[in-house]
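Quick notes on the structure that follows.
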Amino acid sequence: MLDIRLIRSDPGAVKAALDRRGPGTSDGVDDVVAQDAEQRRLVASRDETRSRIKSLSREVGRLRGEGRADEAEAAMAQSRSLGDEEEALAKAAAELADGIRAALLGLPNLPSEEAPDGAGEQDNVVLRTEGYDAAAYGEHQRVPHWEIGAELGILDNERATRISGSMFTMYRGWGARLLRAMVQLSLDRNADAYEEVRPPTLVRTQTMTSTGHLPKFADEAYHVERDDLWAIPTAEVPLTSLHGDEILDGADLPLRYMAYTSCFRREAGSAGKDTRGLLRVHEFDKVELLAVAAGREQAIACQRDVLARGEGLLRDLGLAYRVVDLCTAELGNSAARTWDIEAYAPGVDQWLEVSSVSWFGDYQARRANIRYRAAEGSGRGTEVAHTVNGSAMGWPRTVAAYLETHRQLDGSVAIVEALRPYVAGADRIVSR
RNA sequence: GGAGCGGUGGCCGAGUGGACGAAGGCGGCAGUCUUGAAAACUGCUGACCCUCCGGGGUCCGUGGGUUCGAAUCCCACCCGCUCCGCCA
């Protein structure tokens, strides 16, 4: 949610920044400005009326105490008639406030001025590519992961579909074990700075609203209507709300958390797109890293840290990857700046998005109401925190890139050094 | 799911419908004393919104209601605790 004070004081700059995402993004800002002015006018006269009612009421008590019943009666009558006035003003002000809040919830975040301008995917900027050499891949690596999975008996999407429908996956045997090894590696590598959390995967509407997944993207999430709970699309959702409605001590920031959870996405509108194998599924696993920071500078340092950790894990797995700076048109609704990490999968010859590392400014923290008290003597009171998050590792696609990259001439798949401690030292996956 | 009790400031906790934004304590900050620290004593110490910077207003789980006036009375909901039932 954008700061209404910023919109009020400089609507032109807000509109210009929003429109960098695409034409028409700032529609509604003028409306908000007008409604806000009217709402404040109403609140001012409501407050004035209330103040008069309060002093009259005190007067009633005092007059009664002094036995001046007639005068008390007169004050009561006057106060009563002011009451109707106050009620009407309060109702009008509250309705406007609801409307303003709804409009604000619908506005996306301002892109960082450092995010590259652009109109679509083609305008994303590749910052760097690591470990990629097209000529280095042999024919044995040009096999799509679903074939490798079937050959080795480690992926069983056919039966997953029978159990849950299309775009669900199932790991079996070494597939499940490889996944578990990667999860453990991801958590262990980040335990030095991030507290491990196992949050709930079903959350309230308020929790989904805080990260910006609601109200705009309700169609993307699974909703348990009977209990009004939402299946999280990412651990970012519960982790962001971990400190919701709290005032943190600025000296404790940044706070860093990581969580391994299942993630659920309806992928509405993408049926039939990239659906082969593990490229796009409704339920997947992910280790998410998240930081709550004090201000821009600290937040950006945290974002760099998350990115470095995501890259480090891909290097541990021996995968080629590139880092992409998303252009303004491709930024998620809540993000100010996002770096995607894409792993190269030789079998399908695609760069697969395996991590998305975003800085949200105070947009999410304002929705979640996460504040912090600045250092003593800084002359500042409580401030809205900044949030940052990104995947340490996200699964089906990482497994896809892994299987294709490490497939050997004999059809087995090598287990890299970093994973061996988690698989009792085994060094390859062979057909059973 | 049923019954009972409860939800008050950073924390604990008091609060007969009338000066209650709220006693008291703890914690925190500042000062006195001290070479320094501790102890003792004194003072200060919530968040948020608006402002013509004088001030005004909102907030006692949430939302309604009663009343001239609600932390206090009524209703609904949420959360917690205890017991019963059910259950992995």
Side-chain angles (χ1 to χ4, degrees), chain A residues 1-9 32-102 104 198-210 224-230 238 241-253 255 292 294 362 365-385:
Chain A
M1 192 158 65
L2 299 176
D3 186 354
I4 183 68
R5 284 170 296 190
L6 177 66
I7 297 177
R8 189 185 296 151
S9 66
V32 167
V33 172
Q35 286 185 304
D36 173 59
E38 174 65 3
Q39 200 264 348
R40 281 183 301 147
R41 194 187 64 77
L42 287 169
V43 165
S45 57
R46 180 207 67 185
D47 284 359
E48 214 249 298
T49 310
R50 263 184 204 174
S51 172
R52 284 158 68 196
I53 290 173
K54 274 193 147 182
S55 63
L56 277 170
S57 297
R58 276 195 292 260
E59 193 66 6
V60 170
R62 194 179 60 80
L63 290 169
R64 281 214 181 134
E66 294 172 5
R68 296 152 73 177
D70 288 355
E71 288 170 73
E73 201 58 48
M76 278 167 64
Q78 201 184 345
S79 175
R80 208 175 297 140
S81 74
L82 281 175
D84 295 339
E85 217 175 286
E86 189 269 350
E87 201 183 328
L89 285 167
K91 197 178 160 214
E95 275 168 12
L96 263 180
D98 286 348
I100 292 165
R101 182 173 164 80
L104 284 178
R198 177 49 252 228
T201 34
L202 292 177
V203 301
R204 295 171 185 264
T205 296
Q206 167 62 39
T207 308
M208 286 283 280
T209 304
S210 293
V224 184
E225 285 189 23
R226 184 179 175 130
D227 297 297
D228 193 20
L229 289 169
W230 301 80
S241 287
L242 193 79
H243 291 294
D245 289 320
E246 290 184 22
I247 300 175
L248 303 165
D249 184 342
D252 294 338
L253 301 184
L255 291 168
V292 179
D362 59 12
R366 184 169 293 108
R367 293 168 88 112
N369 194 24
I370 306 167
R371 290 169 294 169
Y372 67 96
R373 238 183 285 275
E376 211 61 49
S378 68
R380 298 179 303 172
T382 55
E383 298 196 32
V384 180

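The sequence lines fix the lettering, A, B, ..., with proteins before strands; numbering per chain opens at 1. Just so we're clear, the structure is a prediction, and the values are computed from it rather than from any experiment.
- Closest approach to the A:R80 side chain among B:rC68, B:rA47, B:rG56 is made by B:rC68 (side chain taken as heavy atoms from C-beta onward).
- Of the nucleotides present, B:rA40 is the one that pairs with B:rU32 by Watson-Crick or G-U wobble criteria, both distances under 3.5 Å.
- Look at A:R5 and you'll find a side-chain N or O under 4.0 angstrom from OP1 or OP2 of B:rC49.
- Separation of the C1' atoms belonging to B:rG63 and B:rC78 is 10 Å when rounded to the nearest angstrom.
- The A:S51 side chain lies nearest to B:rG56 when the options are B:rA19, B:rG56, B:rC68.
- Classified by its glycosidic torsion, B:rG46 falls in the anti category, the angle being over 90° from 0.
- At a threshold of 4.0 angstrom between heavy atoms, the contacts of A:V60 include nucleobase atoms, whether or not backbone atoms are also involved.
- Residue A:R46 is classed as a sugar-phosphate contact, given heavy-atom separations below 4.0 Å to backbone atoms only.
- Look at A:R204 and you won't find any side-chain N or O under 4.0 angstrom from OP1 or OP2 of B:rC78.
- Here the side chain of A:I53 is nearest to one of B:rC68, B:rC50, B:rA47, namely B:rC68.
- The CD-C1' distance, from A:E48 to B:rG57, rounds to 11 Å in whole Å.
- Ranking B:rC50, B:rC68, B:rU58 by closeness to the A:S57 side chain, first place goes to B:rC68.
- Within 6.0 Å of the CG atom in A:D228, the count of heavy atoms belonging to other residues, nucleotides or ligands exceeds 12.
- Remark: the separation of the P atoms in B:rG57 and B:rU51 is 16 Å, to the nearest Å.
- Nucleotide B:rC87: unpaired (no Watson-Crick or G-U wobble partner with both distances less than 3.5 Å).
- For A:E87 and B:rC68, the CD to C1' distance is 14 Å, given to the nearest whole Å.
- Donor-acceptor pairing under 3.5 Å is lacking for the side chains of A:S81 and A:E85.
- In this structure, the separation between CG on A:L202 and OG1 on A:T207 is 11.0 Å, given to the nearest 0.5 Å.
- At least one side-chain heavy atom of A:E86 sits under 4.5 Å from a side-chain heavy atom of A:R46.
- For B:rC20 and B:rA88, the C1' atoms lie 49 Å apart once the distance is rounded to whole Å.
- A 3.5 Å limit on both hydrogen-bonding distances identifies no Watson-Crick or G-U partner for B:rG9.
- Using the Watson-Crick or G-U wobble rule with both distances under 3.5 Å, B:rU67 pairs with nothing in any strand shown.
- B:rC81 is paired with B:rG4 under the Watson-Crick or G-U wobble criterion, all donor-acceptor distances under 3.5 Å.
- Heavy-atom distances to RNA chain B give each of A:R50 and A:R58 a nearest nucleotide, and the one nearer the 5′ end belongs to A:R58.
- For the C1' atom pair drawn from B:rU8 and B:rA71, the interatomic distance equals 7 Å after rounding to whole Å.
- Closest to the side chain of A:R373, out of B:rC68, B:rU51, B:rG46, is B:rG46.
- Taking atom P in both B:rA3 and B:rG21, the straight-line distance is 37 Å, to the nearest Å.
- Counting heavy atoms from C-beta on, the side chains of A:L56 and A:L82 come closer than 4.5 Å.
- Protein atom CD of A:E86 is 14 Å distant from nucleotide atom C1' of B:rA70, rounded to whole Å.
- Straight-line distance from the NZ atom of A:K54 to the C1' atom of B:rU67: 15 Å, rounded to whole Å.
- When distances run from any side-chain atom of A:R371 to the nucleotides B:rC78, B:rA47, B:rG56, the shortest one goes to B:rA47.
- Distance noted for atom P between B:rC77 and B:rC84: 25 Å (whole Å).
- Of all heavy-atom pairs spanning A:R64 and A:A72, the tightest one is CG-CB, 4.0 Å.
- B:rA76 is paired with B:rU62 under the Watson-Crick or G-U wobble criterion, all donor-acceptor distances under 3.5 Å.
- Across A:Y372 and A:G250, no two heavy atoms sit closer than the pair CD1-CA, 3.9 Å.
- Distance CZ (A:R40) to P (B:rC49): 12 Å, rounded to an integer number of Å.
- Across all strands, A:R41 comes closer than 4.0 Å to no nucleic acid atom at all (heavy-atom distances).
- Between A:M76 atom CE and B:rG17 atom C1' there is a gap of 13 Å when expressed in whole angstrom units.
- Of the P atoms belonging to B:rA14 and B:rG25, the separation is 15 Å, rounded to the nearest Å.
- Going from atom CD of A:E85 over to atom P of B:rC68 covers 16 Å, rounded to whole Å.
- Between the CD1 atom of A:I247 and the P atom of B:rA47 there is a distance of 7 Å, rounded to whole Å.
- B:rG61 and B:rG54 have their P atoms separated by 35 Å, with the value rounded to a whole Å.
- Counting heavy atoms from C-beta on, the side chains of A:R8 and A:R40 come closer than 4.5 Å.
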